[in-house]
Amino acid sequence: MLQEKFNKIKQEIIDELKRTKTLEQLEDLNNKYFSRASGELTKLVKEIKNLAEEERPRIGKIANEVKKEAEELFAQVRSTLGDKVQGENKDKVFDPTLPGKKQAIGKLHVLTQIRREVEEVFLSMGFMVVDGPELESEWYNFEAVNVPSWHPARDMQDTFYIKANGKRQMAKVEGGEENYKLVMRTHTSNVQVRAMEKYGAPIRCIVPGRVFRNEATDARHEHTFHQVEGLMVDKDISIANFKAVMDAIIKAILGPDFKTRIRPGFFPFVEPGFEVDLSCALCQAKGCRVCKNTGWVEFCGAGMVHPNVLKAGGVDPTKYSGFAFGFGLERLAMMRYGINDIRLFESGDLRFLGQF
Ligand code: FA5
């Protein structure tokens, strides 16, 4: 009797396994037959103890065979269904033996890196780092730094003015009687008078920042680029002080043997004025498109602050003197790293940016 029951349950298990489609169904089936408390096969096995003693070994043997066979069938079906699930979820399954995906890690733009280095050098010489607006009134960008209205840079063809509803935006300058047009600052010199108004004299500051010009671009000219303005006003400041500061920054960023030259230059906001050139590192001063075959790259405008500018900043030119300069951050980076086209900086090309 019990023998028949074992054979029947074995056939049942075989039939039910054939209909099993998912691992969940298999789990339910496993409970139905093998659960310790109420599994149907478990219950049959428990009945063996009620048999006559001489019957028990024979039926016990059959029970073991059925159980073993059933377990093997379960294992087979479990493996087949498992493979199927893995196939379906191939991408979702975590395989620790596969090489990991490399995380792309961002980094600072080369100009940010070099700007921070420049700031460190100036901070070590007692300069503070000051910020100023990129959208500026004509007053601070031009008038306050002694740039007369006839100056070519004032021409609206020459730089970017802001129009709103077809009308020019006007910026009211505190203390001024006139309205001034708004302009995308053409240089960081717009902060010279702002800094003197705010901090008075003596003062030592640099102003790193973005500037804008209506330029035709080429290998060394951009319409949007970065300058670092410098201003030092105190008693008895001379060109010698400027030269010492300039030497320190060139040495720190370009190395002790980098060749520079100072020549006269005109800017309305300085007197006397000069320009600093860097020996072209791209062609070892032999001549190339960046230095326009001269061997030199214009790097910095500078000079002794014009008395009118000191006055505009509320500083007494009879007591104080100072120097100011403005250099191009891109040009500094170009000479340091041998970059032969300024347009690469804003290109967003990761093959270029990833090198620094
Ligand atoms: C000026 O902008 C003056 N404000 C500098 C100055 C400040 C003079 C204080 C005196 C006292 P300039 O236009 O020469 O000057 O520009 C200064 C530097 O900015 C240049 O030497 C060059 O390094 C960089 N530069 C100028 N135009 C461009 C451009 N289109 N693209 C990239 N860099 C430029």
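Here, residue 1 is the first one in the sequence, and each next residue gets the next number. Values below: every heavy atom of this structure, side chains too, minus hydrogens, waters and symmetry copies. Counting convention: from 1, in listed order, for ligands and their atoms alike.
- Note: no N/O pair closer than 3.5 Å links Ala302 and ligand 1 by distance alone.
- Considering only non-hydrogen protein atoms, atom 3 (C) of ligand 1 sits nearest to Phe269 CZ, 3.8 Å.
- When hydrogens are left out, the protein atom nearest atom 23 (O) of ligand 1 is Phe299 O, 2.9 Å; that is the closest non-hydrogen contact.
- Under the 4.0 Å criterion applied to side-chain N and carboxylate O atoms, Glu119 and Arg115 are assigned as salt-bridge partners.
- Among Ile342, Asn214, Val270, the residue whose heavy atom sits closest to atom 32 (C) of ligand 1 is Ile342.
- Checked against a 3.5 angstrom limit, the closest N/O atoms of Gly301 and ligand 1 fall outside it.
- Counting heavy atoms under 4.0 Å from ligand 1, residue Glu215 touches it through the side chain alone.
- Applying side chain to side chain contact (heavy atoms under 4.5 Å, CB included) to Cys300 and the options Glu275, Met246, Arg331 leaves one that passes, Met246.
- Of the inter-residue distances, the one linking Phe266 atom CZ with Glu271 atom CD reads 8.0 Å to the nearest 0.5 angstrom.
- Between Ile342 and Met334, the closest heavy-atom pair is N-CE, 3.7 Å.
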- Message: Please evaluate residues Trp296 and Cys280 with respect to the criterion side-chain contact (heavy atoms from CB on, under 4.5 Å), reporting the C-alpha separation (whole Å), side-chain torsions for both, the decisive distance (0.1 Å), and the verdict.
- Response: CA-CA 5 Å; Trp296 296 99; Cys280 185; over 6 Å; no

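- Nearest protein heavy-atom neighbour of atom 15 (O) of ligand 1: Phe267 CE2, 3.3 Å.
- Between the side chains of Glu136 and Asn190, at least one donor-acceptor pair of N or O atoms lies under 3.5 Å.
- Remark: ligand 1 atoms within the under-4.0 Å shell around heavy atoms of Gln192 are 9 (C).
- Under the 6.0 Å cut-off for aromatic ring centres, Phe325 and Phe122 qualify, their centroids lying closer than that.
- Closest heavy-atom approach to atom 2 (O) of ligand 1 within the set Glu298, Arg185, Met304, Arg213: this belongs to Arg213.
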- Report the C-alpha separation of Phe6 and Val45 in whole Å, then their side-chain angles, then the decisive distance to 0.1 Å, and conclude whether the side-chain contact (heavy atoms from CB on, under 4.5 Å) test is met. CA-CA 9 Å; Phe6 273 115; Val45 172; 4.2 Å; yes

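- For Gln227, the heavy-atom gap to ligand 1 drops under 4.0 angstrom.
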- Item | Phe323 and Ile237: CA distance, side-chain angles, deciding distance, side-chain contact (heavy atoms from CB on, under 4.5 Å) verdict | CA-CA 7 Å; Phe323 64 79; Ile237 297 294; 3.6 Å; yes

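- At a 3.5 angstrom cut-off on N or O pairs, Glu229 does not count as close to ligand 1.
- The nearest heavy-atom contact from the protein to atom 31 (N) of ligand 1 is Glu222 N, 3.0 Å.
- For atom 22 (C) of ligand 1, the nearest non-hydrogen atom of the protein is Arg331 NH1, 3.4 Å.
- The ligand atoms of ligand 1 that sit less than 4.0 angstrom from a heavy atom of Cys300 are 21 (O).
- Residue Glu275 has no N or O atom closer than 3.5 Å to an N or O atom of ligand 1.
- In terms of protein heavy atoms, atom 33 (N) of ligand 1 is closest to Phe225 CD1, 3.4 Å.
- Of the heavy atoms in Phe325, only backbone atoms (N, CA, C, O) come closer than 4.0 Å to ligand 1.
- At least one heavy atom of Arg220 sits less than 4.0 Å from an atom of ligand 1.
- For the pair Thr186 and ligand 1, the shortest N or O to N or O distance does not fall below 3.5 Å.
- With Tyr320 as the aromatic partner, Lys235 meets the cation-pi criteria of under 6.0 angstrom to the ring centre and within 45 degrees of the ring axis.
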- Message: With ring-ring contact (aromatic ring centres under 6.0 Å, His included) as the criterion, how do Phe74 and Tyr33 come out once you've worked through the C-alpha distance, each side chain's angles and the decisive distance to 0.1 Å?
- Response: CA-CA 11 Å; Phe74 263 86; Tyr33 292 105; 7.1 Å; no

